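Take a look at the structure set out below.
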Amino acid sequence: MGAHPAGVRGADALSARMEEQQTMSDQPGRQRYLTVVEVAEIMRVSKMTVYRLLHSGEMPGVRVGRSFRVPADALEHYLATSIAPVAVVADEADRRSS
């Protein structure tokens, strides 16, 4: 596998979604917010994983009533800064299995 295929796909999906939303909006430059389901789809993880990231503070989000919204630029930053080299991930997996 590549350096972090899910992260790369996630970033590409985020960029595509943001472009699509920008063309649909008549207020350019306005902050975009994603639902937990949209974030989970982009990252290819479960909704529960997104909720854990939000509750732990690893990923910033805004609470709207009983729901959360994630600023699109915050997700982009999270994906860009959380990509670990494959060798590091493999080393950690080896240590756990030993």
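The model shown is predicted, which means the values in this text are computed figures rather than measured ones.
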Tyr78: which residues meet the ring pair (Phe, Tyr, Trp, His ring centres under 6.0 Å) condition with it, sequence neighbours left out?
none
Applying side-chain contact (heavy atoms from CB on, under 4.5 Å) to Val70 and Leu53, what does each step give before you reach the verdict?
CA-CA 11 Å; Val70 177; Leu53 291 170; over 6 Å; no
CD1 (Ile42) and CG (Leu75) are apart, to the nearest 0.5 Å, by 5.5 Å
Closest heavy-atom pair, Pro60 versus Pro71, reported as atoms and distance to 0.1 Å, is O-CD, 3.8 Å
Qualifying residues under side chain to side chain donor-acceptor pair (under 3.5 Å), relative to Glu58, sequence neighbours excluded
none
Within-4.5 Å side-chain heavy-atom neighbours: Met59 and Val39:
yes
Here the gap from Glu41 atom CD to Thr35 atom OG1, rounded to the nearest 0.5 Å, amounts to 7.0 Å
Approximate separation, where rounding is to 0.5 Å, of Leu79 CG and Met43 CE
5.5 Å
Look up atom CD in Glu38 and atom CZ in Arg32, then write down how far apart they are to the nearest 0.5 Å.
11.5 Å
Rounded distance (nearest 0.5 Å) linking atom NZ of Lys47 with atom CZ of Phe68:
13.5 Å
